[in-house]
Amino acid sequence: MNLLTYLPSLASGIATTLALTALSFAVGAVIALPVAMARSSRFRGLRLLAGGYIELVRGIPPIAWLFVLFFGLNQFQIRLNSFTAAVIGLGIISAGYIAEIYRAGFNAVPPGQREAASALSLSSRTTFGTVVAPQALITVLPLAIAYFIGLLKDSAVASVIGVQDITTIAVSLSKRSLDSLTIFLAAGAVYLLISIPVAILGSWIGDRVAQKWGARHAR
Amino acid sequence: MPADTWVAWLGDLMPGLLLSLQLTGVLLVIGLPLGTLFAVGLKSPVRVIKYVTVAVVEVARGIPALVLLYIVYFGLPQVEISLDAFLSAALALGVSFAAYSSAAIRSGIDAVHPGQREAARALGLQRGDEFFRVVLPQAMKIVTPPLLGWAIIYFQATSLAFAIAVPELLSRAYTLATQNFQYFTILAMAAVVYAAISIPASLFANSLAHRRGRVGT
Amino acid sequence: MASDDAHSAAADAETPTAAIRSIPEGAQIIEARDITVDFSGNQVLNGVSLAVSRGEVIAIIGPSGSGKSTFLRCFNLLQVPSSGHLTIGDTEVFSGSSSNIRSRDLLLLRRKVGMCFQSFNLFPHLTALENVVLAQVRALGRSKSDARTRGMQLLERVGLRDRADMKPAQLSGGQQQRVAIARALALDPEIMLFDEPTSALDPELGVEVLAVMRELADEGMTMIIVTHEMHFAEDVADRVVFMADGTIVEAGTPAQVIRNPVHARTRKFLSAVIDR
C-alpha cells in the first residue's frame, strides 16, 4: 500500500484545486461586501434581502448549486464550462459566509472607536477607512483563512461536474486500477498536505496584522 | 408550464427526500456516538489516546467528504469490506460528522458544572454511571443547538451520495431532469426542497440557542 | 461695494456655519436649552438647560443613570436631543429634532467642541503621535509635517513627548488618557468636554490626568466635565451642577453645592460619595 506512487499524478490536480478555491474565494469576498453592508443597512428591506440571500446560500448544498449552474442554465442556452460554473457556484456560496465574517469583524470593533472618530469630526469615509476597517481586519482574517481552508475541501464537489481537480484525477486513476483504497487515501492525503501550508501562511499573516494593527483596547 | 406538472414532479422527488432524511438519520446514529467517543478521547489524560484521537479527528476533518465517500465505497472492498452505496454514504458521512462535531461535544462536556461530578461521586456512583447518567445527558442538552446545526449541514451533505449512485433527492432530481430536459426547473426545485428543510431547521436551532444561552462551538 | 460686503458679512454672521466657524467674542460661548432625550419611551433627559461662559469650568456630578453623560454628549451632538436647542455664541445651531443640522456644520461643531472619553478610545492600531495627527490631517487638512509638529508640541504639553511612537497598548491608562487629551486639543477647540475622564483609572494614574486638566483650566479653556472627583471639582470648577433622574437638581459654586447643598437629594448623593 504505497501512497507515494500516486502522489505525482494527483499533484497535477493541485493547481486546479488551488485556482478554483482562490478564484471562488475572491469572487465571494467581493460580492460579500455589498451583501454585508445591506445586512447592516438602515433599510429593513435591504436587511431582509441580504439576510434571505445568506440563508438561501447556506440552505442549499454546494453540489446542488453547481448542478443548477452547470446543467440547469443549459436549458436557457447558457453553456458554462465546468470550471466557470464551479467558480460562480462556489463564489456565490462563499459570499454568503464571508458576508457574515465581515459583519462579525465590524461588530468586534468597540463602539467607542466610532464615537471618538465622530468627536474628532472625522467623516464617515475616513472613519471607515482608517479606524474601523483596520481593526475589523484583525477579526476577519483568521475567520477568512479558516473559511478558505474549508473551501479547499468543498472544492472537491467540482469533480462531479467535470473539473479536472485532485478528486477527478483520483477517480479516473481508480477506474483503471484495482488499487482504489490507496488511490483515494492518497487523494485525501494530498488535500491534507496542501491545507497545512495554507494554514501556516494564514496564521503568519494573521499574526502580522494583529501585531501591526492590534489592540488591547482600554477598558 | 401547468402547475400540476410541477406538483407531479415534486411528488416524484419525495421518495428521494425520504431517502436523504433516512441517510441523515443513519449517519447521525453512527456519528453521534463516534463523535462522543472522539470528544472523550480528546479530553483523555492519557497522552497516547489524546494524540491518536487528535490525529484521527484532524485527518477525518482534513479530507473532503466526497473523498471519504469514495474511500469507503470504492476503497474498502479492496480490504474485503463491501458495503452497499447507502451504508457507505452513511459510514463516510457519519465519520466526517463525528470529526467535526467532536469539538462541540467536548465543549458541552466541559460546560457541565463540575459540581455535578462531585455530587455523583458523593452519591457513590461509579465512573461509568457518573458519565452516562449524569454528565453526558446534560452535555447533550447544552450541545443540542450546535449539533442540530451540524446535522443540518450533513443533511445537505447527503447530496454528495449522488456520486455513488444513492437514489437520494439530488439523484432523483437529476434523473427526472434528464428524462424531461427541464434541467433548470427540476434541479431548482430540488434545491428549494433542501432549503425548505434546512432554513426552518436552522431557525429552530437558533431559537434553541437563544433560549438556553450560548455555549461556544 | 463696501456696504455690500458689510451686508453679506452681516447675513453670514447669522448662519450657523459662520457662528460655529468663528465663535463671537461675547461672554456666552455655548448653551444647551430645554434638552430632552428619549430612548424608546424611556425619558433620559427631562428639559435640561445649561449656559456656559467663555473660560468657565463646569463640573457635572450625580449618580449613575442621572443622564449626565447623555447631557454632555448633547454639546457636540454625539447625542442628538429629541427636542431642545443648542446655541453657539448667540446663534442657534440646532433646534427641534434629528435632521436639523447640516453634516458640514456638524463637523465644524466637533472641531470647536472637543471631547475626551472614560474609555479613552484611542485608535489602537496607531501610535500616540499618529493618533494626534490623524484628525489634523483628515479633518483640518493640515499638512502631515505641520500636523506632526503640532502633535509633538501637544504631547510635550501633556508630558508624553518620549512616548510619541508607542502604541496605546504599551501605555498605562493615565498615559492613554493624556494622549486622548492631546488628540482632542490638536483640533484647537474652544470648548472641551470630559466624560468621567478618570473613572477608568487607578487613583494614582488619575492624578496625572487631573493635573493636565487643571493646567488646561488655568490657561483659560472652557471645560464641561462629568466627574466623580469631588476634590477636583471643588478646586478647579467655577460652577458645579448636580443632576439626578434626568434633571438638574442644584447648581451653583462649588462652595454652595458641595459644602452647603440645599436639596435633600444632593445631600444624599454627597454624603454617600464624600463619606465613603
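Here is the naming used below: chain letters follow the sequence lines, and residue numbers restart at 1 for every chain.
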### Message
Side chains of A:Leu90 and A:Thr21, heavy atoms from C-beta outward: is any pair under 4.5 Å?
### Response
no

### Task
Measure distances from A:Thr167 to the heavy atoms of chain B and classify the residue's part below 4.5 Å as side chain, backbone, both or neither.
side chain

### Message
At a heavy-atom distance under 4.5 Å, which candidate from B:Ser202, B:Ala191, B:Ala201, B:Pro77 has the highest pair count against chain A?
### Response
B:Ala191

### Query
Regarding A:Ser174 and B:Tyr70, is there a side-chain donor-to-acceptor distance under 3.5 Å anywhere?
no

### Summary
Of all heavy-atom pairs linking A:Asp165 and A:Ser155, the shortest is OD2-O, 3.5 Å

#### Entry: Interface moiety of A:Val190 toward chain B, non-hydrogen atoms closer than 4.5 Å
neither

### Query
Is it the case that B:Asp84 and B:Tyr73 place a side-chain donor and acceptor less than 3.5 Å from each other?
no

### Message
Quick check on B:Phe155 against chain A: is it the side chain, the backbone, both or neither that has a heavy atom closer than 4.5 Å?
### Response
neither

### Task
Select, from B:Phe184, B:Tyr183, B:Tyr194, the one with the greatest count of heavy-atom pairs under 4.5 Å involving chain A.
B:Phe184

### Message
For B:Ala190, which atoms come within 4.5 Å of any heavy atom of chain A: side chain, backbone, both, or neither?
### Response
neither

### Message
Ignoring hydrogens, what is the shortest heavy-atom contact between B:Val57 and B:Ala99? Give both atom names and the distance.
### Response
CG1-O, 3.7 Å

### Message
Less than 3.5 Å apart, any donor N or O on the side chain of B:Gln156 or B:Ser198 sitting next to an acceptor on the other?
### Response
yes

#### Entry: A:Ile196 portion near chain B, given a 4.5 angstrom heavy-atom threshold
neither

### Message
Taking side chain as everything from C-beta outward and backbone as N, CA, C, O, which of these in A:Ser159 sits under 4.5 Å from a heavy atom of chain B? Side chain, backbone, both or neither.
### Response
side chain

### Task
Against chain A, label B:Thr158 side chain, backbone, both or neither, depending on which of its atoms sit under 4.5 Å from a heavy atom there.
neither

### Message
Looking only at heavy atoms and a cut-off of under 4.5 Å, which of A:Leu152, A:Asp154, A:Val157, A:Val68 has the most pairs with chain B?
### Response
A:Val68

### Task
May I ask you to check whether B:Ser107 and B:Asp110 show a side-chain donor-acceptor distance below 3.5 Å?
no

### Summary
Turns out that what part of B:Val79 lies under 4.5 Å from chain A's heavy atoms comes down to side chain

### Task
Would you confirm whether the ring centroid of B:Tyr100 sits within less than 6.0 angstrom of the ring centroid of B:Trp150?
yes

### Query
Side chain, backbone, both or neither: which part of B:Leu170 has an atom under 4.5 Å from a heavy atom of chain A?
side chain

